Participant: 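Encoded as structure tokens, here's the structure I'll be asking about.
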Amino acid sequence: TVGAVAVDVQGNLACATSTGGMLNKMEGRVGDTPCIGCGGYADNKTGAVSTTGHGEAIMKITLPRLILFYMEQGKSPEEASDMALAYMMERVSGLGGVVVVDPKGTWAARFNTKYMAWAAAHQEQLHYGFSLGEDFTEPL
Amino acid sequence: MLPVVVVHGGAGYVAKQQFEASTAGVREAARKGYAILKSGGSALDAVVETVAILENNPTYNAGRGSVLNAKGEVEMDALVMEGRTLACGAVSAVRRLANPIHLARLVMEKTSHVYLTAEGASKFARAMGIPEVPEESLITDYARKCWKDNQRPDANPVQYQIGKMG
């Protein structure tokens, strides 16, 4: 699965997610990716999220909406993502990852899997990582 | 603080030989998305084109490089949403398209609906003039190998379970 979130100079947010689904899935199986509020969500008032991971688990807890709910309560994108991913693990044993941005441009790339390739471009810096805890930077 | 673009290339199992390509692909996509935003492009333009770049990269499970279903075929899903009006578009179980994300955007912009699936989505793609591509062009040797490996009764259970992630 691949995805992106962005906020432009007008302060508008958007998300996009695309996938080939799950290896050896049943014909006709649809996961979280195309479902609004599961594969992603974007609202200028709160933030934008794109997800990846175990689709059935993500759908059961509507992961992007849960993250945005926590952000509405005042949590940062990073705090909200970690809380939602922890809830998904605790409630449905689900693993996954997210990229998140809020209307001010505060962003997060968080996951509870071993790996997630991610990159963020912001203020002429490119941040990127692959394993848990990585945050390399280079100039854009 | 603005603009910002953040991208991911999927979470879960990644084969060792794909570590570098996986990181390089998201860095390239983020750079291109940022260039769109810096030149005055919208967040919607940036996320759609960023995802299309990743769909075209065979390293990732989307577009070219998609995993295979039980029948050994490619069925793809995509979603786009913009935060000003909450407009959104989605497609699922689409076949023989290079960039499902472009079709999702057309659903958002050219129909009064949110979500089209399977043959209906394919008919809409044809009506919009999106060319079909041969299914073989979407299937990589690695995807075919993973599919075959998971057919075996002694398939690696760790890899099999992690393969349950999209």
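Letters A, B, ... mirror the listed sequences (proteins, then strands); counts begin at 1. Because the structure is predicted, anything quoted here is derived from the model rather than measured.
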Participant: Between Val114(B) and chain A, with a heavy-atom cut-off of 4.5 Å, which part of the residue counts as in contact: side chain, backbone, both or neither?
Facilitator: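 The side chain, not the backbone.
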
Participant: Does the pair Leu79(B) and Ile36(A) meet the rule for a side chain to side chain contact (heavy atoms under 4.5 Å, CB included), with working shown?
Facilitator: CA-CA 7 Å; Leu79(B) 160 72; Ile36(A) 316 303; 3.1 Å; yes

Participant: At a heavy-atom distance under 4.5 Å, which candidate from Gln123(A), Glu124(A), His127(A) has the highest pair count against chain B?
Facilitator: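 Looking at each of Gln123(A), Glu124(A), His127(A) in turn, Glu124(A) comes out on top.
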
Participant: Which bit of Glu73(B) is near chain A, if near means a heavy-atom gap under 4.5 Å: side chain, backbone, both or neither?
Facilitator: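 Contact with chain A is through the side chain of Glu73(B) alone.
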
Participant: How many angstroms lie between atom CG of Asn69(B) and atom CG of Asn24(A), to the nearest 0.5 angstrom?
Facilitator: 8.0 Å

Participant: Does any backbone or side-chain atom of Leu126(A) lie under 4.5 Å from a heavy atom of chain B? Answer side chain, backbone, both or neither.
Facilitator: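 The side chain, not the backbone.
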
Participant: Minimum heavy-atom separation for Ala4(A) and Thr50(B), please, with both atom names.
Facilitator: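 Residues Ala4(A) and Thr50(B), closest heavy atoms: CB-CG2, 4.0 Å.
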
Participant: Is there a path of hydrophobic side-chain contacts, each under 4.5 Å between heavy atoms, that joins Met71(A) and Ile61(A)?
Facilitator: yes

Participant: Go through Tyr41(A), Tyr128(A), Phe111(A), Trp118(A) and name the one with the most non-hydrogen pairs under 4.5 angstrom from chain B.
Facilitator: Tyr128(A)

Participant: Taking the side chain as C-beta and beyond, is there a heavy-atom pair between Leu86(B) and Asp43(A) under 4.5 Å?
Facilitator: yes

Participant: Out of Arg84(B), Arg105(B), Met76(B), return the one with the most heavy atom pairs under 4.5 angstrom to chain A.
Facilitator: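 With the most close heavy-atom pairs to chain A, the winner is Arg84(B).
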
Participant: Would you kindly confirm whether Leu63(A) and Val49(A) end up in one hydrophobic cluster when ILVMFWY residues are joined by side chain heavy atoms under 4.5 Å apart?
Facilitator: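 Per the 4.5 Å side-chain linkage, Leu63(A) and Val49(A) are co-clustered.
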
Participant: To the nearest 0.5 Å, tell me how far Met81(B) CE sits from Ser50(A) OG.
Facilitator: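 Between atom CE of Met81(B) and atom OG of Ser50(A) there are 13.0 Å.
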
Participant: When you look at CD of Glu20(B), are more than 12 heavy atoms from neighbouring residues, nucleotides or ligands closer to it than 6.0 Å?
Facilitator: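 No, not enclosed.
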
Participant: Quick check for you: to the nearest 0.5 Å, what is the distance between Asn12(A) atom CG and Asp45(B) atom CG?
Facilitator: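 Going from CG on Asn12(A) over to CG on Asp45(B), the span is 11.0 Å.
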
Participant: Given heavy-atom pairs under 4.5 angstrom as the criterion, report whether the side chain, backbone, both or neither of Glu27(A) touches chain B.
Facilitator: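 Both backbone and side chain.
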
Participant: Heavy-atom pairs under 4.5 Å with chain B - which of Gly47(A), Pro103(A), Ala119(A) has more of them than the others?
Facilitator: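 Maximum pair count with chain B is reached by Ala119(A).
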
Participant: If you measure from CG on Asp77(B) to CE on Met22(A), what distance do you get to the nearest 0.5 Å?
Facilitator: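 One gets 11.5 Å once the value is rounded to the nearest 0.5 Å.
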
Participant: Using every non-hydrogen atom in the two residues, find where Ala117(A) and Val26(B) come nearest and quote the distance to one decimal.
Facilitator: O-CG1, 3.9 Å

Participant: Check Val5(B), Val47(B), Ile36(B), Leu37(B) against Asp8(A) for a side-chain contact (heavy atoms from CB on, under 4.5 Å) and give me the one that passes.
Facilitator: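 In the set Val5(B), Val47(B), Ile36(B), Leu37(B), the residue that makes a side-chain contact (heavy atoms from CB on, under 4.5 Å) with Asp8(A) is Leu37(B).
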
Participant: Heavy-atom count around Asp141(B) CG within 6.0 Å, excluding the residue itself: above 12?
Facilitator: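 No.
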
Participant: Checking the side chain of Asn61(B) only, and the main-chain atoms of Gly20(A) only, is there a donor and an acceptor separated by less than 3.5 Å?
Facilitator: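 Yes, because the side chain of Asn61(B) sits within donor-acceptor range (under 3.5 Å) of the backbone of Gly20(A).
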
Participant: Against chain B, label Tyr115(A) side chain, backbone, both or neither, depending on which of its atoms sit under 4.5 Å from a heavy atom there.
Facilitator: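 Both parts, backbone and side chain.
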
Participant: Between Val74(B) and chain A, which part of the residue has a heavy atom less than 4.5 Å away: side chain, backbone, both or neither?
Facilitator: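 Neither; nothing under 4.5 Å.
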
Participant: Is Trp147(B) linked to Val67(B) within one hydrophobic cluster, defined over Ile, Leu, Val, Met, Phe, Trp and Tyr using a side-chain heavy-atom separation of less than 4.5 Å?
Facilitator: no

Participant: Is any side-chain heavy atom of Val7(B) closer than 4.5 Å to a side-chain heavy atom of Val2(A)?
Facilitator: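 Of all side-chain heavy-atom pairs linking Val2(A) with Val7(B), none is under 4.5 Å.
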
Participant: Examine whether an atom of Lys114(A) lies under 4.5 Å from a heavy atom of chain B, and if so say whether it belongs to the side chain, the backbone or both; otherwise answer neither.
Facilitator: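 Contact with chain B is absent: no heavy atom of Lys114(A) under 4.5 Å.
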
Participant: Heavy-atom cut-off 4.5 Å, strictly under: side chain, backbone, both or neither for Ala57(A) against chain B?
Facilitator: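 Neither the backbone nor the side chain of Ala57(A) comes within 4.5 Å of chain B.
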
Participant: Could you grab the distance from atom CG of Leu44(B) to atom CG of Leu13(A), nearest 0.5 Å is fine?
Facilitator: 11.5 Å

Participant: Considering only heavy atoms, which portion of Phe136(A) lies under 4.5 Å from any heavy atom of chain B: side chain, backbone, both, or neither?
Facilitator: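 Answer is neither: Phe136(A) stays 4.5 Å or more from chain B.
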
Participant: Would you mind reporting whether His8(B) and Thr1(A) have side-chain heavy atoms less than 4.5 Å apart?
Facilitator: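 Yes, side chains in contact.
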
Participant: Which atoms of Glu134(A) are under 4.5 Å from chain B, going by heavy atoms: the side chain, the backbone, both sets, or neither?
Facilitator: neither

Participant: Do the side chain of Tyr34(B) and the main chain of Gln125(A) share a donor and acceptor less than 3.5 angstrom apart?
Facilitator: no

Participant: With chain A as the partner, which of Ala78(B), Ser22(B), Ala90(B) has the greatest number of non-hydrogen pairs under 4.5 Å?
Facilitator: Ala78(B)

Participant: Check each atom of Ser131(A) against the heavy atoms of chain B and say whether the ones under 4.5 Å are side chain, backbone, both or neither.
Facilitator: neither

Participant: Which one wins on heavy-atom pair count under 4.5 Å against chain A: Leu138(B), Asn57(B), Asn99(B), Val4(B)?
Facilitator: Val4(B)

Participant: Among Glu138(A), Met26(A), His122(A), Lys45(A), which residue has the highest count of heavy-atom pairs closer than 4.5 Å to chain B?
Facilitator: His122(A)

Participant: Would you find a donor on one side and an acceptor on the other, under 3.5 Å apart, between the side chain of Gln10(A) and the backbone of Ser42(B)?
Facilitator: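 Not at all, since once roles are kept as given, no pair shorter than 3.5 Å links the two residues.
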
Participant: Of the backbone (N, CA, C, O) and the side chain (C-beta and beyond), which part of Val101(A) lies under 4.5 Å from a heavy atom of chain B, both, or neither?
Facilitator: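 For Val101(A), side-chain heavy atoms alone lie under 4.5 Å from chain B.
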
Participant: Give the member of Ile58(A), Leu140(A), Thr51(A) that has the highest number of heavy-atom pairs under 4.5 Å with chain B.
Facilitator: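 Top count of heavy-atom pairs under 4.5 Å with chain B: Leu140(A).
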
Participant: Within a reach of under 6.0 Å around CZ of Arg91(A), are more than 12 heavy atoms found that belong to other residues, nucleotides or ligands?
Facilitator: no

Participant: Please tell me whether Val7(A) and Val99(A) are part of a single hydrophobic cluster in this structure, the criterion being side-chain heavy atoms less than 4.5 Å apart.
Facilitator: yes

Participant: Would you name the heavy atoms of Val30(A) and Tyr115(B) that are closest together and state the gap between them?
Facilitator: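 Heavy atoms of Val30(A) and Tyr115(B) come nearest at CG1-OH, 3.4 Å.
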
Participant: Name the member of Glu28(B), Glu82(B), Lys38(B), Arg31(B) that forms the most heavy-atom pairs with chain A at distances under 4.5 Å.
Facilitator: Arg31(B)

Participant: Following the transitive rule for hydrophobic clusters with a side-chain heavy-atom cut-off under 4.5 Å over Ile, Leu, Val, Met, Phe, Trp and Tyr, establish whether Leu85(A) and Ile67(A) coincide in one cluster.
Facilitator: yes

Participant: Would you compute the distance between atom OG1 of Thr17(A) and atom CD1 of Ile101(B) and round it to the nearest 0.5 angstrom?
Facilitator: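 So the gap between those two atoms works out to 7.0 Å.
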
Participant: Among the options Gly105(A), Ala121(A), Gly129(A), pick out the one with the most heavy-atom pairs lying under 4.5 Å from chain B.
Facilitator: Ala121(A)

Participant: Could you pull out the closest heavy-atom pair between Ala11(B) and Gly97(A), with the gap in Å?
Facilitator: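 Shortest heavy-atom contact: CB-N, 4.0 Å.
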
Participant: Between Val48(B) and Ala16(A), what is the shortest heavy-atom contact and its length?
Facilitator: N-CB, 4.4 Å

Participant: Which region of Arg64(B), side chain (C-beta onward) or backbone (N, CA, C, O), has a non-hydrogen atom less than 4.5 Å from a non-hydrogen atom of chain A, or is it both or neither?
Facilitator: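 For Arg64(B), there is no contact with chain A at all, as no heavy atom is under 4.5 Å.
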
